[in-house]
Amino acid sequence: MRKAIIAGNWKMNNTIAETKALVTELIPLVKDAQCDVVICTPYTDLATAVEMTRGTNIKVGAENVHWAEKGAFTGEISAKMLVELGVEYVIIGHSERRQYFAETDATVNARAKAALAAGLKPIVCVGETLEEREAGKVKEVLVRQTKGAFEGIDKEELDNIVIAYEPVWAIGTGKTATAEVANDTIAIIRNTMAELYCPKCAENRVRIQYGGSMNPKNVKELMAMPQIDGGLIGGASLKAVDFSQVVNY
Ligand code: 13P
């Protein structure tokens, strides 16, 4: 019912030259994928990635976007600029941005609205830290982040948004949430979406990815879980063979 979507988050990796090499290798390896395939790249690689993937099954995403249409925001990039480049997706509220760049639920919401208004598809990230999990606050944190991110967003937009559940303690650490923990935690997010919108909407139209040390070895087990609709892949998206093995799970 919900089509799986697997996206690479390159983070601050790959020059244009490296992008050319990686995408060239990737295109034939993922051409028969059954899921939606997205690569989210640094701003400087977007034009190259869009150009190279035209006519393939790979879609391109950015890793952030500003909420204003334009103006005096030195160093920022607007949704319209991304759309004009041919970008289709944008990661919003990644935990690294929350941690290092003062991202809040309110700025996540503002960015998501601006992205949708311009026709981009946001991949909205939520997830608890290790301290929050150990303090028994997983539900409280995820409900707050989810409600915050979706404040004022219409039901009609649900087909255009993806949620990524990324437990902060599993990112880049080699520690994956067990498939059961990931599944149960994603259920909390889906229940929150059911409450915010409607149970059917949450069941049929909200795609929720898992992210955090997802790789060729654990992808099958994670993707077998009923709540998990895909993955947001960091480290393993930087090697064409590894990413293709995740995508072709
Ligand atoms: P890793 O796959 O490197 O753990 O990163 C996950 C992530 O942060 C994707 O957005």
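Whatever order the structure lists them in is the order used to number ligands and atoms, beginning at 1. Please read all numbers here as calculations on a predicted model, not as lab measurements.
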Participant: Which of these, R190, R205, R207, sits in a salt bridge (Lys or Arg N to Asp or Glu O under 4.0 Å) with D229?
Facilitator: R190
Participant: If we set the cut-off at 4.0 Å for heavy atoms, which region of A170 has an atom near ligand 1: side chain, backbone, both, or neither?
Facilitator: backbone
Participant: Report the nearest protein non-hydrogen atom to atom 3 (O) of ligand 1: residue, atom name, distance rounded to 0.1 Å.
Facilitator: G235 N, 2.8 Å
Participant: For Q99 and S95, which I'm curious about, is there any donor-acceptor pair between the side chains at under 3.5 Å?
Facilitator: no
Participant: Heavy-atom contacts with G212 under 4.0 Å: which atoms of ligand 1 show up? List them by number with element.
Facilitator: 4 (O), 6 (C)
Participant: From the options G231, C40, S213, select the one whose nearest heavy atom is closest to atom 1 (P) of ligand 1.
Facilitator: S213
Participant: Within the 4.0 Å heavy-atom shell around G172, which atoms of ligand 1 are there?
Facilitator: 1 (P), 3 (O), 4 (O)
Participant: For atom 7 (C) of ligand 1, what is the closest protein heavy atom, and at what distance to 0.1 Å?
Facilitator: E166 OE2, 3.1 Å
Participant: Just let me know how L232 lines up against ligand 1, side chain, backbone, both or neither, with a heavy-atom cut-off below 4.0 Å.
Facilitator: both
Participant: Is K121 close enough and on-axis enough to Y89, meaning under 6.0 Å and within 45°, for cation-pi?
Facilitator: yes
Participant: Hey, which atoms in ligand 1 end up nearer than 4.0 Å to a heavy atom of K11?
Facilitator: 5 (O), 6 (C), 7 (C), 8 (O)
Participant: Looking at side-chain heavy atoms only, is the closest gap between P42 and E63 below 4.5 Å?
Facilitator: yes
Participant: What protein heavy atom lies closest to atom 2 (O) of ligand 1? Include the residue and the distance to one decimal.
Facilitator: G234 N, 2.9 Å
Participant: Are any of the heavy atoms in G211 under 4.0 Å away from ligand 1?
Facilitator: no
